[in-house]
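Below is one structure, written out as structure tokens, with a few remarks after it.
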Amino acid sequence: MRIAMIGTGYVGLVSGACFADFGHHVVCVDKDAGKIARLTAGDIPIYEPGLDDLVARNAAQSRLTFSTDLKAAVARAEAVFISVGTPSRRGDGHADLTYVYEAAREIAAALSHFTVVVTKSTVPVGTGDEVERIIKETRPDAQVAVVSNPEFLREGAAIRDFKHPDRIVVGSSDARAKEVMAEIYRPLYLNAAPIMYTERRTAELIKYAANAFLATKITFINEIADLAEKVGADVQEIARGIGLDNRIGSKFLHAGPGFGGSCFPKDTEALIKIGQDNAAPLRIVETVAAVNDQRKRAMARKVSAALGGQVRGRTIAILGLTFKPNTDDMRDAPSIPLITALQDMGAKVRAFDPVGMEQARGHLKDVTYCADAYACADKADALVIVTEWEQFRALDFARLKAAMAQPVLVDLRNIYDAADMARHGFKYSGVGRPEK
Ligand SMILES: NC(=O)c1ccc[n+]([C@@H]2O[C@H](COP(=O)([O-])OP(=O)(O)OC[C@H]3O[C@@H](n4cnc5c(N)ncnc54)[C@H](O)[C@@H]3O)[C@@H](O)[C@H]2O)c1
């Protein structure tokens, strides 16, 4: 199968490389010429475990190529995937579909035979209809089927998620398109990943409903954590106690600084707008977004409390900047509002992240970036774990204590135990757990 992937970001690059690994011929297209030049030279522009090997292997076998020439890639393709960004629109929180519609227009102009145009980007209900309308308007003679195929991969585990999905959702009522999609994903459902066919609008809504549900789970346990702190209960035991119930499940029940990242914040916002526009307001999701928004800055008050309310002039060391481990993605990372709030309180901020510091520079001002966790802790009044990178799970606390001005640890991911930390001589605060 010949595939053109329009948009070579976190989703387009991973999906393109995985499709090539299934044996398809894939051209990954991007309008960012710098990105395409780097990829062509074998340099991966994002951090995603295993992606460099996967890209190198498939590029070496000429199944995966990179280009800025959308026209040539589309003209030869049997399926064209749109995987461009759909960020929050400035001002109103609706999904910004400018890139999707622009891609649709460019694709339309390049079509040369029956082609399946697949929206992989996360898009509001009805976007497939509009993509189809744009294509027909631009090229009334075009032979196309427009399909929705939302992507559920998680950054940091993207290749595994793509190759072992819980399900593949294909929204289309066109028989030929379904055949093409079945052929593309055949290697996966031979491994028993269920392929689920729905109407296009249903597929579009499945993606938003999934993300909103997961965001709700996180926000629920975060509020339970706040209550646990007040009443002297332990949220981790509560999460285990409810998560062992199969009807609830243990995933997405880790209390922390609030959800961030490139998807949950913008997708909950977009779903809220879709609900309002359709006179079916989603009150639960509206509350989730509002609660989560307030939580991130509230984490700065937790740091302040750990320092007895004295933050002005203090030095705070931040471990972990990216929105989760194993990615360099800083989009909507909880570290950003936390650090800005600490700076607003008059703190000096030092930070270390294993891979995210280059990206962080574009989001944060007046931060001293450090070479490792120990350099970061130098003369700090408090150490705050914001992202649970593997290398922060076994820190040398004697070394940290010797480096710091005061042994104060704020663990926003609950990776350490309060009693252990007391033994190391640290004043410890976690999330939703009694202080010891
Ligand atoms: N990042 C994730 O974990 C994830 C997971 C599931 C779904 N999604 C969804 O997938 C979509 C893409 O997300 P992403 O994180 O990969 O975005 P991204 O910003 O990393 O990448 C988008 C790419 O598209 C390119 N682009 C934009 N317009 C183009 C055009 N007309 N022609 C060619 N290239 C163009 C941009 O230059 C950019 O490189 C979004 O809708 C997102 O919500 C993302």
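Basis for what follows: all heavy atoms, side chains included, without hydrogens, waters or symmetry-related copies. Both counts, for ligands and for their atoms, begin at 1 and track the order of listing.
Atoms of ligand 1 lying under 4.0 Å from at least one heavy atom of E151, given by number and element, are 6 (C), 7 (C). Set against the non-hydrogen atoms of K207, the atoms of ligand 1 under 4.0 Å away are 6 (C). Within ligand 1, counting atoms from 1 as listed, the ones closer than 4.0 Å to a heavy atom of E106 are 31 (N). Of all atoms in ligand 1, numbered sequentially from 1 with element shown, those under 4.0 Å from a heavy atom of K35 are 38 (C), 39 (O). Atoms of ligand 1 found under 4.0 Å from any heavy atom of G85, numbered from 1 in the order shown, are 22 (C). Near E102, meaning under 4.0 Å from one of its heavy atoms, ligand 1 places the atoms 31 (N). When each atom of ligand 1 is checked for a heavy atom of V11 under 4.0 Å away, the hits are 2 (C), 4 (C), 5 (C), 6 (C), 7 (C), 8 (N), 10 (O), 16 (O), 44 (C). Residue K266 has at least one heavy-atom neighbour below 4.0 Å for each of these atoms of ligand 1: 42 (C), 43 (O).
At a heavy-atom cutoff of 4.0 Å, ligand 1 is contacted by the side chain of S262 but not by its backbone. Only side-chain heavy atoms of C263 come within less than 4.0 Å of ligand 1; its backbone N, CA, C and O stay farther off.
Nearest protein heavy-atom neighbour of atom 2 (C) of ligand 1: E155 OE2, 3.4 Å. Looking only at protein heavy atoms, the nearest one to atom 30 (C) of ligand 1 is K31 CD, 3.9 Å. The closest protein non-hydrogen atom to atom 5 (C) of ligand 1 is L153 O, 3.5 Å. Taking atom 38 (C) of ligand 1 as the reference point, the nearest protein heavy-atom neighbour is D30 OD2, 3.4 Å. Considering only non-hydrogen protein atoms, atom 9 (C) of ligand 1 sits nearest to T122 OG1, 3.5 Å. Looking from atom 24 (O) of ligand 1 to the surrounding protein, the closest heavy atom is G7 CA, 3.4 Å. In terms of protein heavy-atom proximity, atom 32 (N) of ligand 1 is closest to I6 CG2, 3.6 Å. Atom 41 (O) of ligand 1 has its closest protein heavy atom at T86 OG1, 2.5 Å.
Rounded to the nearest 0.5 Å, atoms CZ (R167) and CD1 (I195) are 13.0 Å apart. In this structure, CD1 on I206 lies 12.5 Å from OG1 on T122, to the nearest 0.5 angstrom. To the nearest 0.5 Å, the span separating CZ on R76 from OG on S112 amounts to 9.5 Å.
Of the candidates K120, R331, R154, R331 brings a heavy atom nearest to atom 17 (O) of ligand 1. Between T119, V84, D267, it is V84 that holds the heavy atom closest to atom 27 (C) of ligand 1.
Within 6.0 Å of the CZ atom in R154, the count of heavy atoms belonging to other residues, nucleotides or ligands does not exceed 12.
For R160, the salt bridge (charged side-chain N to carboxylate O under 4.0 Å, His left out) test picks out no residue, with sequence neighbours left out.
Between V147 and A177, the shortest heavy-atom contact is CG2-CB, 3.7 Å.
In this structure, the side chains of N414 and H254 stay at 4.5 Å or more apart for every pair of heavy atoms. For the pair L321 and F352, the minimum side-chain heavy-atom distance is 4.5 Å or more.
Judged by distance alone, the side chains of D69 and S67 never bring a donor and an acceptor atom under 3.5 Å apart. With no hydrogens or angles considered, no side-chain donor-acceptor pair links T368 and K348 at under 3.5 Å.
With hydrogens and angles ignored, the 3.5 Å screen pairs no side-chain donor or acceptor of E151 with any backbone N or O of V11.
Taking the six-membered ring for Trp and the full ring otherwise, the centers of F22 and Y185 sit at least 6.0 Å from each other.
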